[in-house]
Amino acid sequence: MGYTITEKILSAHTDAKSISPGDLIECKVDLGLGNDITAPLAIAEFERTGAKKVYDNRKIAIVPDHFAPAKDIRSAENLRTLRDFAKKYGIKYYYEIGCMGIEHALLPEEGLTMPGDLIIGADSHTCTYGAVGAFSTGVGSTDLAAVFVRGRLWFKVPEQMKFVYTGRLNKWVGGKDLILFTIGDIGVDGALYKSMEFTGEAISRLPMDDRFAMCNMAIEAGGKNGIIAPDRITLEYVKQTAKKSKKKWKVYKSDKDAEYCEVKEYDVTKLEPQVAFPSLPSNAKPVSQAKGIRIDQSVIGSCTNGRISDLRIAAKVLKGKKVHKDVRCIVFPATQAVYLQAMKEGLIEIFVKAGCAVSTPTCGPCLGGHMGVLAAGEVSVATTNRNFVGRMGHLKSEVYLSNPAVAAASAVKGKIAHPEEVI
Amino acid sequence: MIIKGRAWKFRDDVNTDEIIPAKFLALTTAGELGPHCMEGIEPGFSKKMAKGDIIVAGKNFGCGSSREHAPLSLKGCGVSCVIAESFARIFFRNSINIGLPIFESAQAGKAIENGDEIEVDASKGEIRNLTKNKTYKSKPMPGFMEELISAGGLMKWVAKKK
């Protein structure tokens, strides 16, 4: 019997002779990530163990991005905790404000997430790096503290689910729509504890940024990881990013006779842009069913859709247009490199001229932290990943999730709209 | 380990934003987080509940963000354990790691109603509804996990084992 890509990566990182779903195994971790919300707890746990040094200062990444730049005094103190820890233990991959970006966009860009790696992060969207063919999954702060000390962590080998996407995608439809549609089909616990492998001809044509958006949201179906086996597009990408990090990679692919607990096949030829209605990512419907819903805010960015191609799409819709007078449109490039590229391409000018607020990279608005919090009764369309009750602010506010083109078109119209309505 | 308390019943898919909204995430200890526990779904919960009360929920409890602040806030406000039809993966892991007892039981998650008096026998994997005089099955908690939870979480348990 063959193995899936996820099983092969887990297997390569453990001493166990053979593995199968349900087994508890201990694995070597190639990279452990913490941010300004989760790392303060991990650092406190780490220090309580009395450890004098971290296991490997080149295998830890610390990214202050959630409440950064500091939103209040307490956040500033947490940010200082990260800074002091990084200095004290010589953490190689610490990113200060001004260099930092949203962690799940930043680390791949820096070449720190490579095909075949095993990565954990004290952030649920750590599953994003499956897009380069790594096994990566979100854990808690205590797990991260254990990795600081030992460089290893226990895992339960997940059952494997396969998703096969056939057909060609329509204009204005991308990775975000594929994953919203998928979560809509299987539900927010449809892949609970399981691995989600994305394959098929639509995936093989999908650009990297769209693949990141897909794997990013595996957690919204309860998945342990999302993963796409490396192909030509992946390798072109990692050859570029590896120049910076000098990291090596290893390509794994699922065997033809690998075993899956479930296989889902979708013909995506007729798929429309998707909109997830409040208050679960699984409430996905075609945009045609959301048309006319009035909005107060449009948020374009995040670890799901804040990459350069997302901004290009948004700019294409917003070019020469004005944001509706009753709407605030907030654009936040995911990293400084994305910001710079967007400036070079004139995208920032398009946004500012259209009346958008353009922000430094931060997770702020996505989780109702700062830089775009909603008041009672307000409605936002957002390219982020969660629309839970109160996610973006007041418990009586609402969030509709969409791709960047729909979010941009909606900002212009003042209500949820298909991009073709404003182009 | 025997846990006894009054049930607070919640629906399916209670997420960590509801358990502890992001505006409290700059806080870092169970003591600070406790007063804000469940504020995204049951405002004023920490004032209404009594120490030792039990949370009972449907499917996928604790979905969403990986914030360990969620189980910490439950522990901080004095919730003695959580019973659910199923748990989201990271929440499950975090709860064990910080020493919050959790029990998966489809029967109990469905049948228990708000205000029922509940008694959990962790080592037997039995959940008894004293109000309704019914018993539901859960998986018995392995000995090491009972030890780990009694020690106050993974790191304290590891330190003891050294």
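Chain identifiers are assigned alphabetically (A, B, ...) following the order of the sequence lines, protein sequences preceding nucleic acid strands; residue numbering begins at 1 within each chain.
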Just wondering, are more than 12 heavy atoms of other shown residues or ligands nearer than 6.0 Å to NZ in B:K75? yes
Once you round to the nearest 0.5 Å, how far does OG of B:S66 lie from CG of A:N35? 7.0 Å
For B:N133, is the CG atom crowded, meaning more than 12 foreign heavy atoms sit under 6.0 Å from it? no
Side-chain (A:R391) to main-chain (B:D17) donor-acceptor, under 3.5 angstrom: no
Under a 4.0 Å N-O cut-off, is there an ion pair linking A:R74 with B:E32? yes
Looking at B:K48, I'd like to know if its NZ atom is crowded, meaning that more than 12 non-hydrogen atoms belonging to other residues, nucleotides or ligands lie closer than 6.0 Å. yes
More than 12 foreign heavy atoms under 6.0 Å from NZ of B:K4: is that the case here? no
Decide if atom NZ of B:K9 counts as having more than 12 heavy atoms of other residues, nucleotides or ligands within a radius under 6.0 Å. yes
Grab the two heavy atoms, one from A:N78 and one from B:L25, that are nearest each other, plus how far apart they are. ND2-O, 4.5 Å
Can you confirm whether the side chains of A:T137 and B:R89 place a donor and an acceptor under 3.5 Å from each other? yes
Counting N and O atoms only, with roles assigned by atom type, does the side chain of B:N94 sit under 3.5 Å from a partner on the main chain of A:G140, one being a donor and the other an acceptor? yes
Please state whether the side chain, the backbone, both or neither of B:I90 comes within less than 4.5 Å of a heavy atom of chain A. side chain
Report the distance from atom CG of B:N97 to atom OG1 of A:T142, rounding to the nearest 0.5 Å. 5.0 Å
Under a 4.5 Å heavy-atom cut-off, does chain B meet the side chain of A:D143, its backbone, both or neither? both
Between CZ of A:F388 and CG of B:D13, what distance do you get to the nearest 0.5 Å? 8.0 Å
Heavy-atom side-chain proximity of A:V389 to B:N15 below 4.5 angstrom: no
Let me know if A:I37 has heavy atoms under 4.5 Å from chain B in its side chain, its backbone, both or neither. both
Any donor and acceptor pair, going by atom type alone, linking the side chain of A:E45 with main-chain N or O of B:M155 inside 3.5 Å? no
Take B:T28 and A:T81, measure what side chain to side chain contact (heavy atoms under 4.5 Å, CB included) needs, and give me the verdict at the end. CA-CA 12 Å; B:T28 53; A:T81 302; over 6 Å; no
For the interface with chain A, which of B:F91, B:F87, B:F92 has the highest count of heavy-atom pairs at distances below 4.5 Å? B:F87
Whatever's closer than 4.5 Å to a heavy atom in chain B on A:R48 counts as neither
When heavy-atom pairs shorter than 4.5 Å are enumerated against chain A, which of B:I41, B:L154, B:L27 gives the highest number? B:L27
Among A:G50, A:G138, A:G390, which residue forms the greatest number of heavy-atom pairs with chain B at distances under 4.5 Å? A:G138
Looking at B:K134, I'd like to know if its NZ atom is crowded, meaning that more than 12 non-hydrogen atoms belonging to other residues, nucleotides or ligands lie closer than 6.0 Å. no
Applying a strict 4.5 Å limit to non-hydrogen atoms, the region of B:S86 in contact with chain A is side chain
Residue B:P43 versus chain A: region with a heavy atom under 4.5 Å: side chain
Does atom CD1 (A:I73) have a neighbourhood of more than 12 heavy atoms from anything else shown, all under 6.0 Å? no
Go through the atoms of A:F67 and report whether side chain, backbone, both or neither lie under 4.5 Å from a heavy atom of chain B. side chain
So, taking the atom named NZ in B:K23 and the one named NE2 in A:H370, what distance separates them when rounded to the nearest 0.5 Å? 15.5 Å
Can you tell which part of A:A42 gets under 4.5 Å to a heavy atom of chain B, answering side chain, backbone, both or neither? neither
Taken to the nearest 0.5 Å, the spacing of B:E68 CD from A:L144 CG works out to 9.5 Å
Begin from the C-alpha positions of B:R67 and A:T38 and carry the test side chain to side chain contact (heavy atoms under 4.5 Å, CB included) through to its verdict. CA-CA 7 Å; B:R67 59 189 73 161; A:T38 59; 5.6 Å; no
I would like to know whether B:S65 and A:L367 meet side chain to side chain contact (heavy atoms under 4.5 Å, CB included); could you show each step before the answer? CA-CA 10 Å; B:S65 146; A:L367 79 162; over 6 Å; no
Measure the shortest side-chain to side-chain distance between A:W154 and B:R93 over non-hydrogen atoms and say whether it is less than 4.5 angstrom. yes
